[in-house]
Amino acid sequence: MTHAQTQAESRFDRGQRALSRIDGRAGEKVVASLADIAPDFARYVIEFPFGDIYSRPDLGLRDREIATIAALTALGNAAPQLKVHIEAGLNVGLSRDEIVEIIMQMAVYAGFPAAVNGLFAAKEVFSARQASGEAT
């Protein structure tokens, strides 16, 4: 599907579909938690990142999640968002080992504290998925 074809569909509908596919329940929980305090912002989360950016055709979802996990790890202050995107990485085909390697790579560019925090976030996600019986 080309970018022009996806523009025929509303940004919100396209974003909602992408959010469900990529982030699943974790992403839906984020949007729901914003709805009561900032419903417009909840809509923006669906429309811009998912309806506009994630839906672009020239980079696959797996690659987008590699970039997102790396960026959120490097920020060092976005653990809740990092956990959502670790879940998303697993949802789009990244393995636990690949996610750990992505986070470890960030020690070179973002420092050991950021990488350690990222690894702890990954550990929490992996443990929660294992406890719930989800594949990791």
Side-chain angles (χ1 to χ4, degrees):
M1 183 179 323
T2 68
H3 186 60
Q5 289 171 319
T6 62
Q7 288 190 351
E9 180 181 22
S10 82
R11 293 172 72 211
F12 185 86
D13 291 340
R14 187 172 56 244
Q16 189 74 5
R17 191 178 71 248
L19 175 72
S20 292
R21 179 174 176 213
I22 298 162
D23 287 351
R25 288 178 295 164
E28 292 165 5
K29 284 165 62 175
V30 169
V31 171
S33 70
L34 291 168
D36 64 341
I37 189 168
D40 287 342
F41 195 79
R43 184 174 44 84
Y44 301 154
V45 167
I46 293 170
E47 290 177 343
F48 178 63
F50 292 95
D52 292 341
I53 302 300
Y54 272 93
S55 297
R56 293 179 59 81
D58 294 329
L59 192 62
L61 295 177
R62 189 176 187 284
D63 297 325
R64 290 183 188 281
E65 285 306 325
I66 290 170
T68 304
I69 291 167
L72 290 170
T73 298
L75 283 173
N77 62 357
Q81 295 81 10
L82 177 57
K83 289 176 189 175
V84 168
H85 284 281
I86 289 169
E87 290 268 6
L90 293 167
N91 291 343
V92 299
L94 290 172
S95 71
R96 286 175 57 150
D97 290 343
E98 288 171 319
I99 290 169
V100 167
E101 287 297 323
I102 293 162
I103 294 169
M104 287 175 54
Q105 178 75 20
M106 293 305 99
V108 176
Y109 299 98
F112 272 77
V116 168
N117 290 342
L119 290 168
F120 285 138
K123 184 177 180 178
E124 286 182 39
V125 170
F126 299 158
S127 294
R129 283 178 71 112
Q130 188 170 12
S132 72
E134 289 184 69
T136 54

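FYI, side chains are in, hydrogens and waters are out, and symmetry mates aren't considered; it's all heavy atoms of this structure.
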**OP:** Supply the atom-to-atom distance Tyr44 OH to Arg11 CZ, rounded to the nearest 0.5 angstrom.
**Re:** 9.5 Å
**OP:** Take Ile53 and Arg64 through the test side chain to side chain contact (heavy atoms under 4.5 Å, CB included) and record every step on the way to the result.
**Re:** CA-CA 10 Å; Ile53 302 300; Arg64 290 183 188 281; 4.0 Å; yes
**OP:** Might you point out which heavy atoms bring Phe12 and Arg43 nearest each other, and give the distance in Å?
**Re:** CD1-CG, 3.8 Å
**OP:** Following the transitive rule for hydrophobic clusters with a side-chain heavy-atom cut-off under 4.5 Å over Ile, Leu, Val, Met, Phe, Trp and Tyr, establish whether Leu82 and Val84 coincide in one cluster.
**Re:** no
Subject >> Salt bridge Glu87-Arg129, side-chain N to carboxylate O under 4.0 Å >> reply: yes
Original post:
If we only count heavy atoms from C-beta on, is the His85 to Asp23 side-chain gap below 4.5 Å?
Top reply: yes
Original post:
How far does CG of Leu59 sit from CD of Glu65, to the nearest 0.5 angstrom?
Top reply: 10.5 Å
**OP:** Answer with yes or no after comparing the ring centroid distance for Phe50 and Tyr54 against a 6.0 Å cut-off, counting only values under it.
**Re:** yes
Subject >> CD1-OG1 distance between Ile103 and Thr73, expressed to the nearest 0.5 angstrom >> reply: 4.5 Å
**OP:** Would you confirm whether Asn91, through its side chain, and Ile22, through its main-chain N or O, come within 3.5 Å as a donor-acceptor pair?
**Re:** yes
Original post:
Transitively linked via ILVMFWY side-chain contacts under 4.5 Å: Leu72 with Val45?
Top reply: no
**OP:** Working to the nearest 0.5 Å, report the span between OG1 of Thr68 and CG of Asp63.
**Re:** 10.5 Å
Subject >> Arg62 atom CZ: more than 12 heavy-atom contacts under 6.0 Å >> reply: yes
Original post:
If every non-hydrogen atom of Gln16 is compared with every non-hydrogen atom of Ile46, which pair is closest and at what distance?
Top reply: OE1-CD1, 3.0 Å
Original post:
Should Val31 and Phe41 be regarded as members of a common hydrophobic cluster, given that ILVMFWY residues are connected when their side-chain heavy atoms come within less than 4.5 Å of each other, either directly or indirectly?
Top reply: yes
**OP:** Dump the intermediate steps for side chain to side chain contact (heavy atoms under 4.5 Å, CB included) on Glu101 and Met104, then the final yes or no.
**Re:** CA-CA 5 Å; Glu101 287 297 323; Met104 287 175 54; 4.3 Å; yes
Original post:
Is Val100 reachable from Val92 through a run of I, L, V, M, F, W or Y residues, each pair having side-chain heavy atoms under 4.5 Å apart?
Top reply: no
Original post:
Are Leu75 and Ile66 connected in the hydrophobic side-chain network, where two residues link if heavy atoms are under 4.5 Å apart?
Top reply: yes
Original post:
Do Arg14 and Asp52 come close enough that some side-chain heavy atom pair is under 4.5 Å?
Top reply: yes
Original post:
Under a 4.5 Å cut-off applied to non-hydrogen side-chain atoms, are Arg21 and Leu61 in contact?
Top reply: yes
Original post:
So, for Ile37 and Pro39, which heavy atoms are closest and what is the spacing to 0.1 Å?
Top reply: C-CD, 3.8 Å
Subject >> Shortest non-hydrogen contact from Ala42 toward Leu34 >> reply: CB-CB, 3.9 Å
Subject >> Closest non-hydrogen atom pair between Ser33 and Val30, with its separation >> reply: OG-O, 2.7 Å
Original post:
Is the shortest heavy-atom distance from the side chain of Leu94 to the side chain of Ile69 under 4.5 Å?
Top reply: yes
Original post:
Taking atom CG of Asp97 and atom CD1 of Ile102, what is their separation to the nearest 0.5 Å?
Top reply: 11.0 Å
**OP:** Indicate the atoms forming the closest heavy-atom contact of Ala110 with Ala74, along with that distance.
**Re:** CB-CA, 3.5 Å
Original post:
Is the backbone N or O of Arg17 less than 3.5 Å from a side-chain atom of Ser20, with the two atoms forming a donor-acceptor pair by type?
Top reply: no
